[in-house]
Each structure stands twice: as C-alpha cells, then as structure tokens.
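All values derive from a computational prediction rather than experimental measurement. The sequence lines fix the lettering, A, B, ..., with proteins before strands; numbering per chain opens at 1.
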2 protein chains.
Amino acid sequence: MTIPDPATRSSSGYSAWRLITEELRGEISDSRLRPGDRLPTERSIAERYGVNRHTARQAIAALAEDGLIESRRGSGTFITGESVLVHRIGLRTRMVRSLGDEESARSSGRVLDSAIEAAPEEVARRLGLTDGEVVRIESTRSAGDQPISVGTHWFAADRLPDIADSLRRTGSITAALRAHGIDDYLRASTVVGARHATATEAELLAIRPGAIVLVAEALDTLPDGTPLQYLVTRFAAQRVRLDIEPPHAD
Amino acid sequence: MTIPDPATRSSSGYSAWRLITEELRGEISDSRLRPGDRLPTERSIAERYGVNRHTARQAIAALAEDGLIESRRGSGTFITGESVLVHRIGLRTRMVRSLGDEESARSSGRVLDSAIEAAPEEVARRLGLTDGEVVRIESTRSAGDQPISVGTHWFAADRLPDIADSLRRTGSITAALRAHGIDDYLRASTVVGARHATATEAELLAIRPGAIVLVAEALDTLPDGTPLQYLVTRFAAQRVRLDIEPPHAD
DNA sequence: TGTGATTTGTTCGTATGTATA
DNA sequence: TTATACATACGAACAAATCAC
C-alpha cells in the first residue's frame with residue numbers, strides 16, 4: 001500500500017494514519033503478524049509509508065487502544081495474544097471462568113479501600129434507602145496474575161456496618177455475607193455498557209489508559225427481594241467477555 | 001489545576017495531556033459543562049494550562065472517543081447530550097426500549113444485504129450444522145433517526161432459504177419467522193464484549209471511527225432447543241446500554 | 001558492570017487544508 | 001470574503017526505558 005497524495009486523500013475521506021491503521025490491522029488479523037511478534041519500529045513504518053513518525057504513531061496508537069498490540073518503551077511494539085476470560089452473569093454464579101481452563105481456581109478478590117459515607121442519590125434509590133449512610137468498598141479481582149475487574153460496592157450501613165472487614169478477611173462477597181448470616185442472594189438486575197478507562201482504572205486493570213472497559217451496573221437482593229448490594233464493576237474489555245445466563249423457560 | 005513541571009510529572013507518572021483529560025472529564029460529569037455547551041477552543045485550553053495546542057488536542061481527543069464531546073470542524077467542540085437507550089436482552093424481549101419512553105414505537109429495522117454462502121466454522125458450530133450453507137443477513141436498527149445497532153444474522157439455509165426476503169418485507173425477525181411458521185423462539189445464550197468500531201460500523205452507526213461498540217453474540221433456538229439463528233450485534237456504546245433480564249428464581 | 005545505541009513517550013513549533021460562522 | 005476553529009501532517013528535541021556489546 002502507498003499513501004495517496006493529500007489531494008487524493010481528502011476526496012476519499014481517509015487520512016494517512018487511518019489507512020496505515022487498517023493496513024496493519026489486516027496484517028494482524030491475517031496472522032502475517034502473530035502474537036508475540038514485534039511490529040516494525042515507528043521509524044521504519046514511517047519510512048515504509050513515506051510519512052512522519054507522528055503519523056505512524058497515530059496509526060499504531062489506534063491499534064494499541066484495541067488491545068491488538070502493546071508498546072513497551074525502549075523495547076518495541078508487540079502483537080498481544082491475550083487469552084479471553086468469560087465471566088458469567090447469572091442468578092447465583094459469581095465466578096470467573098476461563099475459556100481455556102483451570103484458571104478459575106486462581107481467581108481472587110482484594111479490597112482496596114472502604115468507607116462509610118452518605119449515600120449518593122443514585123445509590124440510595126437503588127438500595128431503597130430514603131436517607132442514610134452506605135458502606136462503599138473498592139475492590140479488584142484477578143485471575144492468575146491478570147487483573148480482571150475493579151468494582152465499587154455499596155451496602156446499607158445500618159444493615160451491614162462492618163461488611164468491609166469481613167470482605168477483607170474472606171476475599172469473597174459470598175463468604176463475607178455468610179459471616180453476617182446471609183446465606184443466599186440473587187442478581188436482580190444488570191445493565192451493561194462500555195466506555196474508555198479512566199487513568200485509575202487503567203492502572204488497576206493493567207491496561208493502557210484509554211483502553212475499553214465493560215461497565216456492569218447491578219443490584220443484588222435477598223431472596224425476598226430486599227435490596228442488598230448495588231455494585232458497578234469495570235472489566236478490561238480486551239480480556240473479558242460477559243456471558244449472560246439465559247433466563248429459565250417457564 | 002495547573003500542569004506541574006515535567007520533572008514533577010515524571011515522578012507522578014501522569015503526562016500533561018492525561019491530567020487535562022481528567023480535569024475536563026470532571027467538569028463534564030460534575031455538570032459544570034452541560035450537554036450542548038461549547039468546550040473552550042483548543043487554543044484557549046492550551047493557554048489555560050500553559051501547554052502547546054497539540055497537547056490540548058490530545059486531551060480533547062480522548063474525550064471525543066468516549067463520546068462525551070463532539071468536534072465540529074470550523075465550529076467548535078460541544079458536549080454531547082445523547083439520550084441513552086436501554087436494550088433489553090431477555091427470553092423473549094427483542095424490542096428496543098427507550099429510557100425516555102415513546103421512542104420505542106419508532107424503532108425500525110432494515111436489511112442492508114443478504115447472501116447464501118458456506119457456513120464459517122464458528123457459525124456452523126453454533127447452529128449445529130455438520131456442513132452446509134447458511135443465509136447471512138446484514139441489518140441495521142434505528143430508533144427515531146438515530147442508528148442503534150448493526151447486526152449480522154445467520155440461519156441454516158436448508159431450513160429457511162428465503163428468510164432474507166421475509167425480513168426485508170416485514171422489517172422484523174419475529175414477523176419474518178412467523179411467516180415461516182415459527183411462532184416462538186428463545187434466547188439461548190448471549191456473550192457481550194466491547195471493542196472499537198471498524199470504519200464500516202462507524203459509518204452505519206453514525207459514530208466517530210474509533211468509537212466503542214458493544215458486541216453481543218447470541219444464539220436463538222426453538223422452544224425445543226433446536227438452534228435457529230446465530231447473530232452478532234454491534235451497538236453504539238455511547239448511545240446504548242444492555243439491560244440483562246434476570247433469570248427467574250426457581 | 002557499565003556505556004552507548006535503540007525505541008517508545010511527550011512536548012513544542014510550524015504549516016496547510018477544510019468546514020463553519 | 002474574511003476570520004475562526006478543527007484536522008492532518010511534518011520537523012525537531014529531549015526524556016525514559018530497554019537492549020546489546
């Protein structure tokens with residue numbers, strides 16, 4: 001491929017860097033460039049297409065945001081070959097299950113931070129609180145050494161004032177709730193969206209700032225329907241798919 | 001906010017443009033900048049933070065990719081105030097339902113293209129075909145004048161050879177299947193991911209190239225479990241949330 | 001071990017094109 | 001027509017991380 005003149009390009013509606021992006025994307029999906037392979041250097045790509053290094057960089061950046069490649073300063077840019085985890089969203093399933101296999105056993109959660117504070121409006125509405133305080137917990141979950149998700153959990157503070165400590169001890173919501181006499185809870189609703197990661201999220205998830213996160217906003221209730229936990233979980237989209245458990249046919 | 005010296009920044013790990021991005025993002029989510037408002041010009045942002053216009057542009061570009069803002073050449077950059085549609089994924093619900101409301105009535109599908117061809121491996125596996133041909137249909141769905149999703153549908157060609165024509169006539173999968181004597185079908189599985197849009201998808205969905213699409217990969221079956229339709233739907237993430245119908249408690 | 005070369009990351013400067021007001 | 005504002009692209013410089021010798 002050669003980059004056309006600016007005059008030709010302007011009529012076609014494609015800029016040089018977009019053409020280069022598509023070209024490189026093709027080489028990756030055709031497996032001409034395979035996971036672990038090193039991409040040519042910015043300079044050589046720039047020379048190959050007869051453009052400035054900035055232009056080549058912009059093309060490369062677009063691929064990096066898709067998680068197709070990963071740049072390492074001083075070293076080079078490499079084709080990523082990350083395995084995809086499938087996280088099941090269901091009535092009772094809260095596990096991370098690997099497509100490949102036995103990784104699930106090594107899935108582990110960790111509490112980053114917790115606080116008791118006034119309930120934000122949205123949270124109060126979801127938890128059915130007219131007014132009052134909530135326990136907010138920030139957590140992460142990893143499978144093996146790969147971070148999978150970061151989550152923010154809210155519980156009514158009057159019902160479960162020290163849920164954070166239990167969670168810190170057990171490393172699992174289910175176990176922490178059991179310690180408070182709650183043996184079962186159900187997923188009442190889940191809404192999924194996607195956006196770019198914030199700087200903090202990117203750091204916690206070990207992805208590039210600007211990479212995509214899947215955002216799942218969910219409400220867990222007791223079997224009788226009482227709201228228990230409102231949570232917002234952000235998954236690294238390049239590593240995770242959400243598997244929606246089908247509703248049971250009546 | 002002031003951008004610290006490069007020396008100070010290098011220890012903090014944040015570049016100037018990232019700091020500006022976060023700052024602007026905060027102003028938008030705090031509603032200090034509201035939908036329809038105009039962002040300060042690149043030049044004034046650059047001056048405000050004492051950086052080069054390129055640096056300001058890089059910060060602004062990150063917000064544009066999130067769909068938070070929209071740049072119009074010659075005019076300015078504006079805060080987008082797109083309404084969010086909630087698309088319900090459930091056992092039988094296939095409608096697009098607006099948060100606001102009455103938009104749902106104006107939801108309409110359109111067939112872009114169809115062909116009968118050999119089943120790709122993945123599709124054959126999902127549809128339970130050992131070998132054979134499939135009908136592939138490319139479609140779009142809009143609510144009002146806003147494109148919501150583009151979808152690729154696959155049906156076994158021996159079962160429903162002219163499903164494409166029926167779909168073209170009726171504009172609805174449900175109606176098209178009814179015309180072929182199929183009165184009911186169920187969602188058997190859904191897997192959701194997210195990635196950046198391709199150039200084609202961006203054009204069809206009226207989003208910026210590089211904006212995010214939610215990708216839902218699903219299998220519909222007859223009530224007896226026979227695979228009926230395998231489909232991959234791409235939603236404009238900046239306009240759509242997927243609402244997962246909770247499984248019924250036994 | 002250390003030193004220089006390589007490679008990516010960030011920033012500034014400048015120029016030109018294109019769309020809009 | 002003119003001015004404004006965003007889009008793309010080139011050139012230069014330096015920083016930071018890594019690698020090869």
Distances for protein N or O near nucleotides 19-21 of chain C N or O, under 3.5 Å:
| unit_1 | atom_1 | unit_2 | atom_2 | d |
| --- | --- | --- | --- | --- |
| C:dT20 | O4' | B:R73 | O | 3.4 |

Between [atom2] on [N] and [atom1] on [X], what's the gap in Å once rounded to a whole number?
X	N	atom1	atom2	value
B:F78	D:dT4	CZ	C1'	12 Å
A:R57	D:dC14	CZ	C1'	13 Å
A:R18	D:dA9	CZ	C1'	14 Å
A:I60	C:dT10	CD1	P	14 Å
A:E47	C:dT6	CD	C1'	14 Å
B:I20	C:dC12	CD1	P	9 Å
A:W17	D:dA7	CH2	C1'	10 Å

Check side-chain hydrogen bond (donor to acceptor under 3.5 Å, both in side chains) between [X] and all other residues, then give those that pass, not counting sequence neighbours.
X	value
A:E70	none
B:S71	B:T77
A:T233	none
B:R234	B:T152, B:E201

Presence of [X] side-chain N/O under 4.0 Å of [N] phosphate oxygens OP1/OP2:
X	N	value
A:T77	C:dT7	no
A:T55	D:dT8	no
A:R43	C:dT7	no

By side chain to side chain contact (heavy atoms under 4.5 Å, CB included) - contacts of [X] (at least two apart):
X	result
B:Q58	B:W17
B:R34	B:S31, B:D37
B:V111	B:I137, B:L167, B:R168
B:A115	B:E117, B:R136

With B:H87 as reference, evaluate B:I148, B:L214, B:L242 under the side chain to side chain contact (heavy atoms under 4.5 Å, CB included) test and give the passing residue.
B:L242
Using side chain to side chain donor-acceptor pair (under 3.5 Å) as the criterion, point out the one residue from A:H153, A:E217, A:R125 that pairs with A:Y230.
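Option passing the side chain to side chain donor-acceptor pair (under 3.5 Å) with A:Y230: A:E217.
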Please list, pair by pair, any protein nitrogen or oxygen found under 3.5 Å from a nitrogen or oxygen in nucleotides 13-15 of chain C.
| unit_1 | atom_1 | unit_2 | atom_2 | d |
| --- | --- | --- | --- | --- |
| C:dG13 | OP2 | B:N52 | ND2 | 3.2 |
| C:dG13 | O6 | B:H54 | NE2 | 2.6 |
| C:dT14 | O4 | B:H54 | NE2 | 2.9 |

Note down the inter-axis angle between the two ends of the helix from C:dG2-D:dC21 to C:dA21-D:dT2, five pairs each, to the nearest 10°.
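Rounded to the nearest 10 degrees, the bend comes out at 10°.
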Per atom distances to the B:R38 side chain, the nearest of D:dT8, C:dC12, D:dA5 is D:dA5
Test of understanding: with salt bridge (charged side-chain N to carboxylate O under 4.0 Å, His left out), list the residues that count as partners of B:R43, not counting sequence neighbours.
B:E47
